[in-house]
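Working notes, structure below.
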Amino acid sequence: MLLNGNRHVSNLKKSIDNENAEMIVLAVATEADINELDSFEDRKEFLLDIGLREPGSSVLIKKAYNLLNLQTYFTVGKKEVRAWTIEKGMTAQQSAGVIHSDFEKGFIRAETISYEDFINCNGSNNAKTMGKLRLEGKDYLVKDGDILL
């Protein structure tokens with residue numbers, strides 16, 4: 001029932017079969033249980049036990065971003081990591097403007113690492129050493145999950 005819903009969910013799915021619509025099923029009590037767990041490991045184990053890969057709230061956020069044509073890029077520094085929401089198709093220069101208009105005006109280039117490379121290399125220093133850090137100019141189309149420095 002958790003993964004597919006109940007008869008009401010089935011009826012709703014049938015009613016939108018011919019629509020250009022998408023539906024996700026959220027078990028609100030289960031989402032609350034997930035959020036009450038203290039550690040990432042506990043959440044991951046709980047999700048596996050109930051047959052889910054990720055919380056429904058994460059699925060909802062991803063679907064909403066996609067519907068709204070949005071994506072995220074990151075800035076990483078010694079003191080903080082920030083996520084910035086941008087429209088899909090924005091250039092590096094336009095994306096810099098989301099942080100501050102002066103950054104967009106004075107933009108020349110950004111050191112860029114894909115999220116996958118950042119994780120696989122265990123950070124930007126190793127990514128640079130392994131040749132995964134790239135210099136991208138004003139017209140570079142930022143990809144979801146990119147890390148721009």
Side-chain angles (χ1 to χ4, degrees), residues 1-100 103-104 110-136 139-149:
M1 187 152 112
L2 178 65
L3 297 176
N4 299 314
N6 56 25
R7 66 181 170 85
H8 300 292
V9 172
S10 297
N11 290 338
L12 182 57
K13 281 182 184 178
K14 287 178 190 172
S15 73
I16 64 169
D17 271 349
N18 296 325
E19 302 290 329
N20 185 17
E22 197 170 344
M23 186 173 116
I24 61 173
V25 178
L26 293 175
V28 178
T30 303
E31 293 297 313
D33 291 342
I34 293 166
N35 287 326
E36 287 180 12
L37 296 171
D38 291 329
S39 72
F40 175 76
E41 290 78 22
D42 289 345
R43 289 183 190 128
K44 190 173 178 180
E45 187 176 328
F46 181 79
L47 288 168
L48 288 173
D49 287 346
I50 62 174
L52 295 175
R53 288 183 292 144
E54 62 185 329
S57 57
S58 295
V59 173
L60 176 63
I61 291 166
K62 288 176 186 176
K63 297 286 184 180
Y65 262 52
N66 191 50
L67 181 66
L68 296 170
N69 200 38
L70 299 174
Q71 64 184 19
T72 303
Y73 82 94
F74 300 93
T75 54
V76 178
K78 290 181 182 182
K79 293 183 180 182
E80 71 176 357
V81 174
R82 292 280 313 257
W84 303 93
T85 300
I86 60 171
E87 291 181 27
K88 290 179 183 175
M90 286 181 76
T91 65
Q93 183 176 18
Q94 292 168 322
S95 299
V98 170
I99 299 171
H100 195 285
F103 290 174
E104 183 173 6
E111 292 181 340
T112 306
I113 309 165
S114 72
Y115 175 79
E116 292 78 19
D117 287 339
F118 184 85
I119 295 300
N120 292 336
C121 296
N122 200 26
S124 56
N125 289 337
N126 289 340
K128 187 174 187 176
T129 302
M130 297 173 79
K132 299 295 184 179
L133 185 137
R134 320 177 300 279
L135 291 178
E136 299 290 357
D139 295 329
Y140 171 72
L141 297 178
V142 176
K143 295 176 183 59
D144 190 42
D146 274 352
I147 293 141
L148 303 181
L149 309 169

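Computed from a predicted structure; not experimentally measured. Just the heavy atoms: all of them, side chains too, but no hydrogens, waters or symmetry mates, feed the values below.
Taking the side chain as every heavy atom from C-beta outward, L70 and K88 never approach each other to under 4.5 Å. At least one side-chain heavy atom of M90 sits under 4.5 Å from a side-chain heavy atom of V98. Between Y73 and I99 there is a side-chain heavy-atom pair separated by less than 4.5 Å. A 4.5 Å side-chain heavy-atom check between F46 and T30 finds at least one atom pair inside the cut-off. Inter-residue side-chain proximity for D146 and Q71 is flagged as unmet; no heavy-atom pair is nearer than 4.5 Å. Side-chain contact between L47 and P55: present, with at least one pair of heavy atoms (C-beta onward) separated by less than 4.5 Å. Side-chain contact check for L133 versus L149: some heavy-atom pair is nearer than 4.5 Å. Counting heavy atoms from C-beta outward, F118 and V76 have side chains that approach closer than 4.5 Å.
Atom-to-atom distance recorded for D139:CG and Q94:CD is 9.0 Å, nearest 0.5 angstrom. The structure places SG of C121 at 11.0 Å from CD of E116, a figure rounded to the nearest 0.5 Å. Atom-to-atom distance recorded for N69:CG and I86:CD1 is 10.5 Å, nearest 0.5 angstrom. For the atom pair CG (L60) and CG (L67), the distance works out to 10.5 Å, reported to the nearest 0.5 Å. Considering CD1 of I24 and NZ of K63, their distance stands at 7.5 Å, rounded to 0.5 Å. E22 CD to N66 CG: the interatomic distance, rounded to the nearest 0.5 Å, is 7.5 Å.
No hydrogens or angles considered: nothing links the side chains of N126 and K132 as a donor-acceptor pair under 3.5 Å. Residues T75 and W84 bring a donor and an acceptor atom of their side chains to less than 3.5 Å of each other. Counting only N and O atoms by type, the side chains of T85 and Y65 include a donor and acceptor under 3.5 Å apart.
Between G89 and L141 the shortest heavy-atom distance is O-CD2, 3.4 Å. Residues S114 and I147 come closest through the heavy atom pair O-CD1, 4.2 Å. Here the closest non-hydrogen pair linking T72 and A83 is CG2-CB, 3.7 Å. Among all heavy-atom pairs drawn from N35 and R43, the shortest one is O-NH2, 4.0 Å.
Distance alone, capped at 3.5 Å, places no donor-acceptor pair between the E104 side chain and the A96 backbone. Not one N or O on the side chain of E31 forms a donor-acceptor pair closer than 3.5 Å with the backbone of L26.
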The test is side-chain contact (heavy atoms from CB on, under 4.5 Å); show your working for K143 and T112 and say whether it passes. CA-CA 10 Å; K143 295 176 183 59; T112 306; over 6 Å; no

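Remark: K44 engages F40 in a side chain to side chain contact (heavy atoms under 4.5 Å, CB included) (not counting sequence neighbours).
More than 12 heavy-atom neighbours from other residues, nucleotides or ligands sit within 6.0 angstrom of CG on N11. Around atom CZ of F74, more than 12 heavy atoms belonging to other residues, nucleotides or ligands sit under 6.0 Å away. Sparse packing is recorded around CD of E87, with 12 or fewer heavy atoms of other residues, nucleotides or ligands lying under 6.0 Å away. Within 6.0 Å of the CD atom in E45, the count of heavy atoms belonging to other residues, nucleotides or ligands does not exceed 12. Annotation: M130, atom CE; neighbour count of heavy atoms from other residues, nucleotides and ligands within 6.0 Å does not exceed 12.
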